[in-house]
2 protein chains.
Amino acid sequence: MFNKRVKVKDLLASEATGQEVIVMGWVRTFRNNQFIALNDGSTNNNLQIVVELGMLDENTLKRITTGASLKVTGEAVPSLGKGQKVEIKAKSLEILGDSDAEKYPLQPKKHSLEFLREIAHLRFRTNTFGAVFRVRHALAFAIHKFYNEKGFVYMHTPIVTASDAEGAGEMFRVTTLPFDNPPRNEDGSINFKEDFFGRSTNLTVSGQLEGELAAMAFSEVYTFGPTFRAENSNTARHLAEFWMIEPEMAFYDLEDNMNLAEEFIKYIIRYAMEHNREDLEFLAQRLAEEEKQLPQDKRSEMGLIEKLEFVINNNFERITYTEAIDILLNSPAYKKKKFQYEVKWGIDMQSEHERYLVEKHFKKPVIVTGYPKEIKAFYMRQNDDGKTVAAMDILAPGIGEIVGGSQREERLEKLTERMKEMHIPVEEMWWYLDTRRFGSVPHAGFGLGFERMVLFVTGMTNIRDVIAFPRTPKNAEF
Amino acid sequence: MFNKRVKVKDLLASEATGQEVIVMGWVRTFRNNQFIALNDGSTNNNLQIVVELGMLDENTLKRITTGASLKVTGEAVPSLGKGQKVEIKAKSLEILGDSDAEKYPLQPKKHSLEFLREIAHLRFRTNTFGAVFRVRHALAFAIHKFYNEKGFVYMHTPIVTASDAEGAGEMFRVTTLPFDNPPRNEDGSINFKEDFFGRSTNLTVSGQLEGELAAMAFSEVYTFGPTFRAENSNTARHLAEFWMIEPEMAFYDLEDNMNLAEEFIKYIIRYAMEHNREDLEFLAQRLAEEEKQLPQDKRSEMGLIEKLEFVINNNFERITYTEAIDILLNSPAYKKKKFQYEVKWGIDMQSEHERYLVEKHFKKPVIVTGYPKEIKAFYMRQNDDGKTVAAMDILAPGIGEIVGGSQREERLEKLTERMKEMHIPVEEMWWYLDTRRFGSVPHAGFGLGFERMVLFVTGMTNIRDVIAFPRTPKNAEF
């Protein structure tokens with residue numbers, strides 16, 4: 001047994017009574033041949049190790065460099081340094097792994113986020129990414145905790161699928177066929193019967209349709225898994241591979257759906273605030289410093305912590321799409337022709353419109369309902385006006401769309417009619433339609449883009465900085 | 001707001017004081033035009049709804065068929081029927097969705113598991129699959145709870161990857177290139193620079209290598225995500241798409257690794273036993289009935305609950321590979337030439353060997369360590385004997401290998417040497433090797449196949465029955 005260490009987080013929270021402990025971690029800095037700042041990733045805070053002068057030979061001292069890993073046995077004693085209660089008075093010190101100062105890319109200085117993206121395998125070792133990924137963990141756990149407490153069943157919907165759930169966009173093909181001389185039918189087309197799954201398959205864009213199948217048995221289910229878009233979008237908000245949470249609930253109408261989504265978002269933010277306060281404070285400070293580089297009018301009105309508290313403590317604004325368009329049409333921005341894209345009833349709102357609504361007009365998250373059916377998916381419940389559907393999008397300051405959902409069309413006839421209008425293959429979707437044939441019920445659901453949520457909570461500005469190894473056009477490194 | 005119902009599970013656990021409640025769910029059976037068994041998926045138990053004679057018209061009564069969905073308002077009153085404390089005396093009843101008795105495939109009779117696999121979109125509505133997927137949920141939640149309590153960070157490692165983590169087997173290609181006239185290099189080979197990610201990519205077979213990168217910063221991390229094998233294995237134990245849990249821990253040796261794995265498995269089984277007792281009892285009974293069909297000597301020695309309790313309460317047996325081979329060579333089975341495959345030091349043990357060890361010899365889970373390096377992956381730590389590596393496999397009765405893990409080779413020179421011997425591209429893996437260049441530490445980890453764990457706990461015998469929509473050769477339905 002090697003693992004007899006005390007974690008830094010636990011040690012810093014304990015009383016220093018001179019007890020002997022073993023700690024292990026990586027050197028962040030080493031000052032005056034005497035003070036080691038040791039980090040083990042359990043917290044952003046470093047543990048100070050004090051090495052008495054003369055305790056170590058010259059050669060060992062030289063090897064205590066940034067990034068080197070140590071095993072230290074010593075006494076936990078009260079610290080005289082500021083910002084920490086406890087430090088370790090080293091009795092013995094073993095270097096587990098060296099870190100050549102000439103070659104180690106992560107020297108203790110400020111590195112750009114762009115540079116750190118190129119060494120994504122090492123960036124977890126920085127304060128910023130340590131905090132981001134601990135917060136990401138907390139949010140992920142809070143998501144499971146929230147739904148578990150409510151009695152939802154966690155479903156793992158398939159990643160490889162033969163159906164394009166919503167015509168949601170470009171898909172990745174999954175195949176074992178060779179590019180050289182693939183099997184072909186008599187008419188020259190590719191014979192996918194010879195492919196691994198006996199048909200043409202791709203990576204899922206959403207687990208919703210399968211989630212609905214399960215909701216028709218368990219009433220309330222959720223998914224939390226990876227989804228994919230083969231869109232050539234090289235932006236700070238798009239990933240080709242990202243994680244989504246998709247709850248799906250029988251016996252819910254649109255209002256029930258909105259209530260759940262709002263409660264859910266507040267719950268997971270509150271959880272992170274309670275469990276990762278130090279990480280969030282660090283990230284708030286980072287953001288404040290980053291924003292100092294911006295002109296006054298581009299800076300956030302609230303600090304990160306303030307923003308999160310505001311979201312927890314206030315109701316989300318709820319407006320209809322029609323109201324949203326009216327607000328835009330009556331806005332000073334519109335009158336001064338500041339919008340690049342057209343505004344009129346029927347448009348698919350652009351980022352500039354959404355940001356105006358949440359950042360300028362309401363200054364808080366906004367739930368927009370009742371979108372025109374033409375710009376929404378086939379499965380959304382048709383409203384009586386014949387023009388709109390019972391959709392809801394949640395827009396968040398700085399992020400834009402963070403949730404997309406709807407009440408689902410539970411009426412078989414209306415659903416198949418709409419599918420035909422939209423050229424969705426009704427025959428192939430027999431299994432989906434069966435839920436409307438046998439014991440159909442009013443139901444609803446939504447999808448939350450996990451990385452966008454992590455962006456929102458951490459105050460990071462590029463989505464590539466909140467997922468461990470981002471997958472984007474022309475990039476699948478690591 | 002539509003969702004004002006009380007869940008059946010909560011109602012059955014409450015006191016019946018004549019309070020008015022709304023319940024919603026699906027009809028399981030309807031007897032004597034009077035007694036409805038209603039299920040909402042929150043529990044395997046049905047709620048009895050009593051409809052007074054004359055309350056509903058003939059037409060409505062006819063529509064209360066198996067699978068139909070209802071909204072019932074009524075009084076919660078003490079039940080006279082056996083097996084339930086509470087029933088509902090209906091005051092009003094609304095049929096939300098019909099279920100044509102002529103067409104609904106799930107009539108209240110025994111269906112074979114094979115038949116139910118063909119209607120996987122509806123099988124959640126049966127007692128068996130209701131129980132299986134609630135237990136699956138409980139195990140998934142327990143996994144997150146276990147690691148969260150220990151301070152592990154949940155990492156989402158990439159699904160689309162350019163590397164073959166361990167040469168673990170056949171992989172699925174992920175591509176947006178067309179089969180017709182794909183872009184080619186001058187030498188005629190496919191030009192993957194033109195593919196979406198600018199290189200050849202596939203679906204991950206393991207998140208371990210990326211997990212190791214994160215463990216070198218957070219000390220303790222885990223993954224829980226889908227993994228893929230394009231193997232043409234049409235067996236009851238193989239899936240092309242399955243979920244894996246892969247913890248990876250800095251400062252752990254092989255013994256620490258074994259201790260964690262054993263504690264982990266016991267924890268999640270105990271969690272399911274505590275939270276899903278009724279589901280497990282139902283599954284235990286199902287298994288017992290299924291085994292009645294088998295000849296005496298093929299039946300399990302223990303019932304399901306008994307088996308799970310035994311696993312929780314007893315230490316796993318820990319033996320070396322060399323000891324395992326000795327046991328096999330000295331076994332009556334070997335002497336009577338009952339093994340189909342050869343037994344000698346150096347073999348990759350076959351299923352029949354593993355089953356002999358766990359089911360006949362030890363009759364409990366067994367951890368086998370110190371496998372020959374030739375049959376294990378390049379990253380496993382080399383033992384001083386020059387022949388074996390610090391691997392560990394956990395074998396479970398009825399399942400075989402459920403965990404595969406090892407201490408990792410943390411010594412740069414030994415690792416690169418082994419990679420070269422095994423023709424692993426050292427250059428491409430620069431990022432992996434960086435963990436050994438900068439602050440390398442002893443570390444270890446393992447992978448648990450989630451579906452095999454669910455099989456073990458639920459007593460189901462085909463892995464296609466414990467994942468919602470199984471992906472197997474020639475099958476990607478739903």
Side-chain angles (χ1 to χ4, degrees), chain A residues 1-3 24 26 40-42 67-69 96-97 99 104 121 124-125 137 140-141 144 148 151 153-156 158-160 162 172-176 179 182 190 196-198 201 213-214 217-219 226 230 241 243 251-253 255-256 431 438-442 468-469 471 474 476 478, chain B residues 1-3 24 26 40-42 67-69 96-97 99 104 121 124-125 137 140-141 144 148 151 153-156 158-160 162 172-176 179 182 190 196-198 201 213-214 217-219 226 230 241 243 251-253 255-256 431 438-442 468-469 471 474 476 478:
Chain A
M1 258 182 67
F2 186 77
N3 185 36
M24 304 190 211
W26 292 270
D40 69 359
S42 60
S69 49
L96 297 173
S99 175
Y104 189 54
H121 63 307
F124 308 115
R125 305 180 184 193
H137 163 82
F141 185 70
H144 288 297
N148 183 64
V153 174
Y154 179 25
M155 298 302 302
H156 294 102
I159 310 302
V160 177
F172 291 102
R173 175 179 299 287
V174 174
T175 185
T176 54
F179 278 107
I190 304 297
F196 187 90
F197 293 107
T201 50
L213 306 177
F218 298 110
S219 298
E241 173 181 319
W243 287 65
F251 315 117
Y252 275 49
D253 65 13
E255 190 187 353
D256 297 317
W431 45 274
F438 305 116
S440 188
V441 298
F469 302 103
R471 297 304 187 231
K474 302 295 171 206
F478 309 108
Chain B
M1 259 183 66
F2 186 78
N3 185 36
M24 305 189 210
W26 292 268
D40 69 358
S42 60
S69 48
L96 298 172
S99 175
Y104 188 53
H121 63 307
F124 307 115
R125 304 179 184 193
H137 164 82
F141 185 71
H144 288 297
N148 182 65
V153 174
Y154 179 25
M155 297 304 302
H156 293 102
I159 311 302
V160 177
F172 291 103
R173 175 178 298 286
V174 174
T175 185
T176 54
F179 279 108
I190 303 297
F196 187 90
F197 294 107
T201 51
L213 306 178
F218 298 109
S219 298
E241 173 182 319
W243 287 66
F251 316 117
Y252 275 49
D253 65 13
E255 191 187 353
D256 296 317
W431 45 274
F438 305 115
S440 188
V441 298
F469 302 103
R471 297 303 187 232
K474 303 294 172 207
F478 309 108

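In what follows, every chain begins at residue 1, and chains take the letters A, B, ... in the order their sequences are listed.
With respect to chain A, the highest number of heavy-atom pairs below 4.5 Å among B:S42, B:A140, B:P182, B:P158 belongs to B:P158. Ranked by heavy-atom pairs shorter than 4.5 Å toward chain B, the options A:D40, A:T201, A:T176 are led by A:D40. Of the listed residues (A:Y154, A:F141, A:Y252, A:F469), the greatest number of heavy-atom pairs within a distance under 4.5 Å of chain B belongs to A:F141. Note: A:G439 leads A:G151, A:S99, A:G198, A:G439 in heavy-atom pairs under 4.5 Å with chain B. For the set A:G97, A:A68, A:A468, the entry with the most heavy-atom pairs within less than 4.5 Å of chain B is A:G97.
Heavy atoms only, all atoms of each residue included: A:E241 and B:V160 are closest at OE1-N, 2.9 Å. When all heavy atoms are compared, the tightest approach of B:S69 to A:S440 is OG-O, 2.8 Å. The nearest pair of heavy atoms linking A:F197 to B:R471 is CE2-CB, 3.8 Å.
In this structure, B:N3 CG and A:F251 CZ are separated by 9.0 Å, a value rounded to the nearest 0.5 Å. In this structure, CZ on B:F179 lies 6.0 Å from CD1 on A:I190, to the nearest 0.5 angstrom.
Within the 4.5 Å cutoff, no side-chain heavy atoms of A:F124 are placed close to those of B:V153. Proximity of B:H137 to A:F218: side-chain heavy atoms (C-beta onward) are nowhere separated by under 4.5 Å.
Ring pair B:F172/A:F196 is perpendicular by interplanar angle, where above 60° counts as perpendicular and below 30° as parallel. Aromatic ring pairs are classed by plane angle as parallel below 30°, tilted from 30° to 60° and perpendicular above 60°; the pair B:F438 and A:Y104 is tilted.
Heavy-atom distances place both the backbone and the side chain of A:W431 under 4.5 Å from chain B. For B:P226, the part sitting under 4.5 Å from any heavy atom of chain A is the side chain, from C-beta outward, and nothing else. Contacts between B:M155 and chain A at a heavy-atom distance below 4.5 Å involve the side chain alone, from C-beta outward. With a 4.5 angstrom heavy-atom cutoff, B:W243 touches chain A only via side-chain atoms. Contact of B:T175 with chain A is made through backbone and side chain together, with heavy-atom distances under 4.5 Å.
Among residues two or more places apart in sequence or in another chain, the side chain to side chain contact (heavy atoms under 4.5 Å, CB included) test is passed with B:D253 by A:F2, B:E255, B:D256, B:Q407.
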